[in-house]
*Asks:* 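Submitted below is the structure of interest, expressed as structure tokens.
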Amino acid sequence: MRREPYRMEGLPERVTVYEVGPRDGLQNESAVIPVEVKAKFVARLAAAGHRVIEATSFVHPKWVPQLADAAELLTSMERVPGVRYPVLVPNERGLDRALEHGVTEIVIFGSATETFAAKNLNRTLDSQFEMFAPVVARALEHGLRVRAYVSMCFGDPWEGPTPIAQVVEVGRRLLDLGCYELSLGDTVGVGTPGHVSALIEAFGGPDRLAVHFHDTYGQALANTLAALRAGVTVVDASTGGIGGCPYAESATGNLATEDLVWMLHGLGVETGLNLDALVETSTWLAARLGRPSPSRVVQALSRSSKP
């Protein structure tokens with residue numbers, strides 16, 4: 001269906017969609033996907049126009065068995081010129097492995113709450129930075145770019161609503177380590193648009209901020225629009241809306257890349273992405289996962305394309 005875009009005031013001309021499907025998407029799937037399928041998945045995403053694809057993670061396979069083949073994937077997958085392939089690392093051992101495989105950009109993940117830091121990192125809210133600091137310092141010494149996630153920015157299933165000042169303190173400490181960008185994670189999907197706007201304002205504006213929304217309560221697109229109107233231009237999303245968080249049972253799927261692109265293109269915001277190719281890729285992946293894509297746009301366009 002061809003649509004005419006209708007712009008809204010206060011939106012950026014272009015948005016970078018930071019694709020997390022191969023890492024954050026697949027890590028929470030019950031099915032373990034063969035490495036050759038993962039390599040083809042990454043290649044299809046690049047062919048659809050993605051210029052940032054978070055490829056995998058060097059988290060211990062005991063905790064995330066779906067990504068135990070990270071080294072094999074990085075060895076086998078095609079790397080398209082002009083496309084970035086960040087890899088998530090939890091600690092210095094993960095960084096060692098990333099350096100061994102020619103990674104040029106890494107991602108670290110912190111927590112905005114005490115309980116999630118304990119459950120996810122086996123650290124306190126304050127001591128997590130003792131783990132991050134040497135990882136970031138060594139990565140920068142080797143010329144790598146470093147991005148940071150901060151989880152539970154809007155609420156925590158054990159602690160309730162997360163104080164905005166606490167999120168800002170954790171986020172600023174991660175940026176001060178030398179991270180080029182901070183992705184604000186709504187890990188359990190409890191955020192609302194006003195909360196999003198207030199958090200970005202508390203950081204002093206959108207500079208070096210990205211957003212990462214889950215759609216647990218159906219708020220991911222509304223929250224994204226609030227972030228865009230606040231000046232954010234980088235949005236994390238996952239092909240087909242797959243994924244979640246293996247450490248938080250109430251975290252359902254990520255914002256679907258196709259749903260995000262449908263909205264952005266309808267607003268006249270450029271992404272560089274081919275929506276038809278994304279839908280085809282999600283349909284292809286869903287068949288390999290053995291379940292339908294959660295994305296509303298994938299479901300709608302897949303039905304409309306049938307004879």
Side-chain angles (χ1 to χ4, degrees), residues 8 10-21 23-25 50-54 84 86 88 107-113 116 147-156 161-162 164 166-168 170-172 174-175 179-239 241-245 248 251-264 267 269-271 273 295:
M8 296 173 61
L11 295 181
E13 293 289 331
R14 186 178 183 89
V15 163
T16 297
V17 178
Y18 183 103
E19 175 61 47
V20 301
R23 197 277 302 174
D24 196 28
H50 276 295
R51 289 300 171 261
V52 191
I53 304 167
E54 196 167 285
R84 293 156 44 206
L88 189 143
V107 185
I108 61 172
F109 58 100
S111 172
T113 67
F116 194 63
R147 187 185 204 240
Y149 288 111
V150 58
S151 300
M152 302 294 176
C153 288
F154 298 90
D156 177 305
T162 308
I164 284 180
Q166 187 168 300
V167 179
V168 173
V170 170
R172 288 199 185 285
L174 289 168
L175 287 170
C179 299
Y180 77 89
E181 186 172 82
L182 177 73
S183 180
L184 304 174
D186 187 8
T187 314
V188 289
V190 295
T192 51
H195 195 168
V196 172
S197 299
L199 179 57
I200 294 169
E201 183 179 353
F203 270 96
D207 184 43
R208 297 167 69 191
L209 296 181
V211 289
H212 183 115
F213 295 121
H214 288 214
D215 207 32
T216 313
Y217 292 87
Q219 301 296 295
L221 281 176
N223 290 340
T224 298
L225 187 57
L228 297 178
R229 300 193 76 170
V232 170
T233 60
V234 180
V235 180
D236 299 358
S238 175
T239 300
I242 61 172
C245 177
T252 54
N254 291 286
L255 168 61
T257 303
E258 298 82 1
D259 297 4
L260 172 63
V261 171
W262 176 271
M263 182 183 78
L264 292 175
L267 290 166
V269 177
E270 295 182 12
T271 65
L273 296 173
S295 165

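Quantities reported herein were computed from a predicted structural model and do not represent experimental measurements.
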*Asks:* Answer yes or no: is there a side-chain heavy-atom contact under 4.5 Å between V52 and T16?
*Replies:*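 The answer is yes, as the side chains (C-beta and beyond) meet within the 4.5 Å cut-off.
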*Asks:* Can you give me the closest heavy-atom contact between I108 and C179, atom names plus distance?
*Replies:*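 What the structure gives for the nearest pair is CD1-SG, 4.0 Å.
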*Asks:* Are V17 and V235 packed together at the side-chain level, in the sense that at least one heavy-atom pair is separated by less than 4.5 angstrom?
*Replies:*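 Not touching, per the 4.5 Å side-chain cut-off.
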*Asks:* Which residues pass the side chain to side chain donor-acceptor pair (under 3.5 Å) test with E181, not counting sequence neighbours?
*Replies:*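 Counting only residues at least two positions away or on another chain, E181 forms a side chain to side chain donor-acceptor pair (under 3.5 Å) with R147.
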*Asks:* Once you round to the nearest 0.5 Å, how far does CD of Q219 lie from CG of L255?
*Replies:*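 That separation rounds to 12.0 Å.
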*Asks:* Would you indicate whether the side-chain heavy atoms of M263 and V269 approach each other to under 4.5 Å?
*Replies:*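 Sidechains of M263 and V269: no contact.
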*Asks:* If I take atom CG from residue L88 and atom CD from residue E54, how far apart are they, to the nearest 0.5 angstrom?
*Replies:*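 Reported to 0.5 Å precision, the distance equals 5.5 Å.
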*Asks:* Would you please classify the geometry between the F154 ring and the H195 ring as parallel, tilted or perpendicular, with 30° and 60° separating the classes?
*Replies:*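 Geometry flag for F154 against H195: perpendicular rings.
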*Asks:* What residue pairs, at least two apart or across chains, pass side-chain hydrogen bond (donor to acceptor under 3.5 Å, both in side chains) with a residue in residues 202-212?
*Replies:*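 Every side-chain hydrogen bond (donor to acceptor under 3.5 Å, both in side chains) pair that includes a residue of residues 202-212, provided the two are not neighbours, is D24-H212, H212-H214, H212-D236, H212-N254.
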*Asks:* Using a 4.5 Å cut-off on heavy atoms from C-beta on, say whether the side chain of L264 contacts that of L228.
*Replies:*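 The answer is yes; the side chains approach within 4.5 Å.
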*Asks:* Would you compute the distance between atom CG of L260 and atom OG of S295 and round it to the nearest 0.5 angstrom?
*Replies:*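 Rounded to the nearest 0.5 Å, the CG-OG separation comes out at 10.5 Å.
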*Asks:* Hey, could you give me the OG1/CZ distance between T233 and R14, rounded to the nearest 0.5 Å?
*Replies:*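 Here the rounded value is 10.5 Å.
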*Asks:* To the nearest 0.5 Å, tell me how far T162 OG1 sits from L199 CG.
*Replies:*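 T162 atom OG1 to L199 atom CG measures 9.5 Å (nearest 0.5 Å).
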